Amino acid sequence: MNRKNQSLMPALAFVVLSVLLVDANTALGQPPGGRPRVVLPPIPIKGDTTHTLTKHFVQASNVKKTPDDNGFIQRWLVLEPIRKEIVRNNILTEKYLRTTFSADNFSTDFTVVPKNGKKVKVGGQELKWYALDSKTYNFNLYHFTYAINKPPYGVLFWLVTVIDCPEEIKNVRMTAGVNSGGMFWLNGKEALILSGDRDMIVDNVTSPLLTLKKGKNIVRGAVINGPGMCNFSVRFLDEKGSPVKNFSISYE
């Protein structure tokens with residue numbers, strides 16, 4: 001071995017030793033220099049593991065509520081979801097919706113107002129009513145199912161709210177958006193239907209001209225979904241397209 005190669009040996013040995021020390025420190029969970037590695041908190045599997053209604057909703061009180069600044073109705077009685085075998089949302093045709101809502105109905109009286117906390121049987125399932133105020137303009141049914149530990153997909157929801165008008169309001173239109181299909185009634189009569197696989201778009205469907213009578217008006221809704229998110233929004237607009245807000249909302 002010549003002198004030049006002999007002079008390189010110590011340097012190569014130092015490099016090899018350094019690499020081995022770094023690998024050993026990594027394997028032992030210690031950084032070079034012997035300083036302890038900072039222990040990071042575990043990353044949660046889900047952002048919300050508490051299954052609580054209070055994250056997205058407020059328990060409705062006896063105090064009447066008004067629509068939000070844009071006229072959206074945030075207070076609803078919502079029934080625990082009815083399980084439906086829906087693999088794809090493209091089956092949500094108008095015929096399918098009408099047939100399903102007729103068969104899986106908690107009451108054929110479309111002006112009845114359920115009692116908060118009471119249970120009813122629909123299709124052999126015992127389900128509970130919840131009176132809730134959404135913290136946002138729309139009512140997110142996916143968050144509702146998560147909060148009460150119910151399946152979020154392949155589900156049908158029934159909804160009821162009571163609008164109290166100090167005077168008659170003529171020539172208004174109900175507007176709604178749903179994800180994925182739905183139907184709404186006013187005082188026992190059909191107002192609008194949203195068939196097909198829809199995204200939740202504000203004012204996606206508009207009713208013919210309606211009249212909100214003086215006193216109590218009953219709004220009933222049904223929203224159905226297979227896979228994916230599930231939520232809805234409802235409000236009333238006047239003849240100029242402005243939100244109607246001069247009424248109060250209750251659940252009884």
Side-chain angles (χ1 to χ4, degrees), residues 60 64-67 71-82 84 92-123 125 127-134 139 141 155-178 181-195 203-224 232-239 243-252:
K64 291 186 177 181
K65 184 177 176 61
T66 57
F72 288 102
I73 299 170
Q74 298 167 289
R75 174 170 291 178
W76 292 89
L77 278 158
V78 54
L79 186 62
E80 289 180 324
I82 302 166
K84 301 297 297 181
L92 302 179
T93 63
E94 182 173 332
K95 181 180 179 181
Y96 177 90
L97 294 183
R98 293 185 184 279
T99 302
T100 302
F101 295 156
S102 177
D104 294 319
N105 196 343
F106 70 93
S107 174
T108 56
D109 180 358
F110 280 72
T111 61
V112 70
V113 179
K115 297 296 184 182
N116 180 33
K118 296 296 184 179
K119 293 183 178 181
V120 294
K121 282 191 175 181
V122 183
Q125 304 172 59
L127 307 168
K128 180 181 175 181
W129 285 99
Y130 290 79
L132 299 172
D133 294 345
S134 174
F139 198 105
L141 294 164
V155 282
L156 162 61
F157 300 90
W158 283 103
L159 317 153
V160 177
T161 195
V162 180
I163 293 174
D164 197 349
C165 299
E167 58 185 7
E168 182 181 73
I169 310 175
K170 293 183 177 181
N171 298 327
V172 300
R173 298 183 190 272
M174 180 192 296
T175 71
V178 302
M183 196 168 178
F184 289 86
W185 296 261
L186 174 64
N187 294 327
K189 296 181 179 180
E190 179 184 332
L192 54 82
I193 187 168
L194 304 98
S195 58
D203 304 336
N204 192 209
V205 173
T206 302
S207 76
L209 288 174
L210 304 169
T211 296
L212 291 172
K213 65 183 181 180
K214 182 178 180 179
K216 290 187 176 182
N217 297 263
I218 312 302
V219 178
R220 183 190 287 201
V223 174
I224 191 168
F232 72 95
S233 66
V234 173
R235 64 176 174 173
F236 288 90
L237 302 178
D238 64 18
E239 291 179 284
V244 179
K245 297 185 289 184
N246 56 327
F247 57 78
S248 60
I249 311 160
S250 68
Y251 61 87
E252 57 186 9

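Just so you know, these numbers use all the heavy atoms, side chains as well, and skip hydrogens, waters and symmetry mates. Nothing here was measured: the structure is a model prediction, and the numbers come from that model.
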Qualifying residues under ring-ring contact (aromatic ring centres under 6.0 Å, His included), relative to Y96, sequence neighbours excluded: none
Close aromatic pair by centroid cut-off 6.0 Å: F157 and W76: no
Spacing of I224 atom CD1 and D104 atom CG [to the nearest 0.5 Å]: 8.0 Å
Ring geometry between F236 and F247 (parallel below 30°, tilted from 30 to 60°, perpendicular above 60°): perpendicular
Exam field: side chain S207 to backbone M174, donor-acceptor pair closer than 3.5 Å: yes
Residues which pass salt bridge (charged side-chain N to carboxylate O under 4.0 Å, His left out) with D238, listed by chain and number, not counting sequence neighbours: none
Any side-chain heavy-atom pair of P114 and V120 under 4.5 Å: no
Smallest separation among heavy atoms of S195 and L97, with atom names: CA-CD1, 3.6 Å
Residues in salt bridge (charged side-chain N to carboxylate O under 4.0 Å, His left out) contact with K64, at least two apart in sequence or another chain: D164
Stepwise side-chain contact (heavy atoms from CB on, under 4.5 Å) test for V234 and F139: CA-CA 9 Å; V234 173; F139 198 105; over 6 Å; no
Contacts of K115 that satisfy side chain to side chain contact (heavy atoms under 4.5 Å, CB included) - sequence neighbours left out: K118
Interatomic distance, T206 atom OG1 to L192 atom CG [nearest 0.5 angstrom]: 8.0 Å
Exercise: identify the closest heavy-atom pair between V244 and I169: CG1-CD1, 4.1 Å
R235: partners by side chain to side chain donor-acceptor pair (under 3.5 Å), with sequence neighbours left out: D203
Beyond-backbone contact of L79 with K128, side-chain heavy atoms, under 4.5 angstrom: no
Trace of the side-chain contact (heavy atoms from CB on, under 4.5 Å) decision for I218 with F110: CA-CA 8 Å; I218 312 302; F110 280 72; over 6 Å; no
Side chain to side chain, I249 and R75, heavy atoms closer than 4.5 Å: yes
Partners meeting side chain to side chain contact (heavy atoms under 4.5 Å, CB included) with T99 (sequence neighbours left out): K95
Pairing residues for Q125 by the side chain to side chain donor-acceptor pair (under 3.5 Å) criterion, not counting sequence neighbours: none
Interatomic spacing from CD in Q74 to CG in L132 - rounded to 0.5 Å: 12.5 Å
From CA spacing to verdict: side-chain contact (heavy atoms from CB on, under 4.5 Å), L186, L212: CA-CA 9 Å; L186 174 64; L212 291 172; 4.1 Å; yes
Shortest non-hydrogen separation from P208 to A191 and the atoms involved: CD-O, 3.5 Å
Side chain to side chain donor-acceptor pair (under 3.5 Å) involving S134 - partner list, sequence neighbours excluded: T136
Rounded distance (nearest 0.5 Å) linking atom CD1 of I193 with atom CD of E94: 4.5 Å
Aromatic ring pairing F101/W185, orientation class (parallel under 30°, perpendicular over 60°, tilted between): perpendicular
Taking every non-hydrogen atom, the tightest pair across D133 and A60: OD1-CB, 3.7 Å
Residues in salt bridge (charged side-chain N to carboxylate O under 4.0 Å, His left out) contact with E252, at least two apart in sequence or another chain: none
Validation row: L77, N116 side chains within 4.5 angstrom (heavy atoms): yes
V219 side chain reached by N217 side chain, heavy atoms, under 4.5 Å: no
Considering all heavy atoms, the nearest S250-T161 contact: O-OG1, 3.6 Å
Set of residues satisfying salt bridge (charged side-chain N to carboxylate O under 4.0 Å, His left out) with respect to K245, sequence neighbours excluded: none
Rounded distance [0.5 Å steps], CG in L159 versus CG in L141: 6.0 Å
With sequence neighbours excluded, residues passing ring-ring contact (aromatic ring centres under 6.0 Å, His included) with F106: W129, W158
K189 side chain near L210 side chain, heavy-atom distance below 4.5 Å: no
Partner residues of S107 under the side chain to side chain contact (heavy atoms under 4.5 Å, CB included) criterion, sequence neighbours left out: D109, V112, R220
From CA spacing to verdict: side-chain contact (heavy atoms from CB on, under 4.5 Å), L156, V122: CA-CA 11 Å; L156 162 61; V122 183; over 6 Å; no
